[in-house]
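Reckoned from all heavy atoms, side chains included, excluding hydrogens, waters and symmetry mates.
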Amino acid sequence: MKTKKTYIAFGILTCAAILALIFQLSPETHVVWDDEEVGGVVGWGLGFFGILIGLGASFFALLITGLVFASLSAVMVLVFAAVVLAVCFALAPLLLPFLILAGLIMLMSRRKTVS
């Protein structure tokens, strides 16, 4: 839990540092809100809040994509197992003569040891 909080804090501080660098390097930076230009600290805060919302949306999109891929891989494993089982059942009649021969050999070898 401590590591997770550290990563979250590091991510927020990194975003804040990048935003501060952008706003310092370009003095014309402003946010347009309701057709009005907002600059300064309020503009910086709105920009930072917008980036945080974007990062949160990206995180949840990646989370859902990972969940879909994980469930799809589980389904594909089940499909593969079903295909292998179907092939085994399809080949069973071809193996029947060998199984009968093996059964007879086992039966004969067992009768020798018993008597």
Side-chain angles (χ1 to χ4, degrees):
M1 191 69 174
K2 182 180 177 185
T3 306
K4 184 179 177 182
K5 288 181 181 179
T6 305
Y7 286 153
I8 290 172
F10 182 71
I12 291 173
L13 287 175
T14 302
C15 291
I18 290 171
L19 242 140
L21 186 66
I22 288 171
F23 281 109
Q24 288 296 324
L25 292 178
S26 59
E28 298 291 325
T29 303
H30 58 272
V31 176
V32 178
W33 188 22
D34 288 335
D35 295 330
E36 292 185 23
E37 294 181 1
V38 179
V41 176
V42 176
W44 187 88
L46 288 173
F48 183 66
F49 187 66
I51 285 183
L52 285 181
I53 289 175
L55 286 174
S58 298
F59 173 75
F60 285 115
L62 289 173
L63 184 74
I64 291 174
T65 303
L67 183 66
V68 167
F69 281 153
S71 60
L72 183 64
S73 66
V75 169
M76 292 309 292
V77 165
L78 291 177
V79 167
F80 179 72
V83 167
V84 168
L85 193 62
V87 167
C88 288
F89 281 138
L91 292 178
L94 297 175
L95 297 175
L96 191 59
F98 298 111
L99 292 174
I100 291 173
L101 182 62
L104 287 174
I105 291 173
M106 288 171 59
L107 185 64
M108 295 300 172
S109 67
R110 186 172 186 177
R111 282 192 178 174
K112 281 184 182 177
T113 56
V114 172
S115 45

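Applying the side-chain contact (heavy atoms from CB on, under 4.5 Å) test between F80 and each of L78, V83, V77, V84 identifies V84 as the sole match. For the side-chain contact (heavy atoms from CB on, under 4.5 Å) test with F89, the passing option among V87, L85, L91 is L85; the others fail.
Atom CZ of residue F59 and atom CG of residue L55 lie 11.0 Å apart, to the nearest 0.5 angstrom. For the atom pair T6 OG1 and L13 CG, the distance stands at 11.0 Å (nearest 0.5 Å).
Minimum heavy-atom separation, P97 to P93: CD-O, 3.8 Å.
Hydrophobic cluster membership of L104, counting Ile, Leu, Val, Met, Phe, Trp and Tyr whose side-chain heavy atoms lie under 4.5 Å apart directly or via other members: L96, I100. Chaining together hydrophobic side chains whose heavy atoms lie under 4.5 Å apart places L95 alongside F98.
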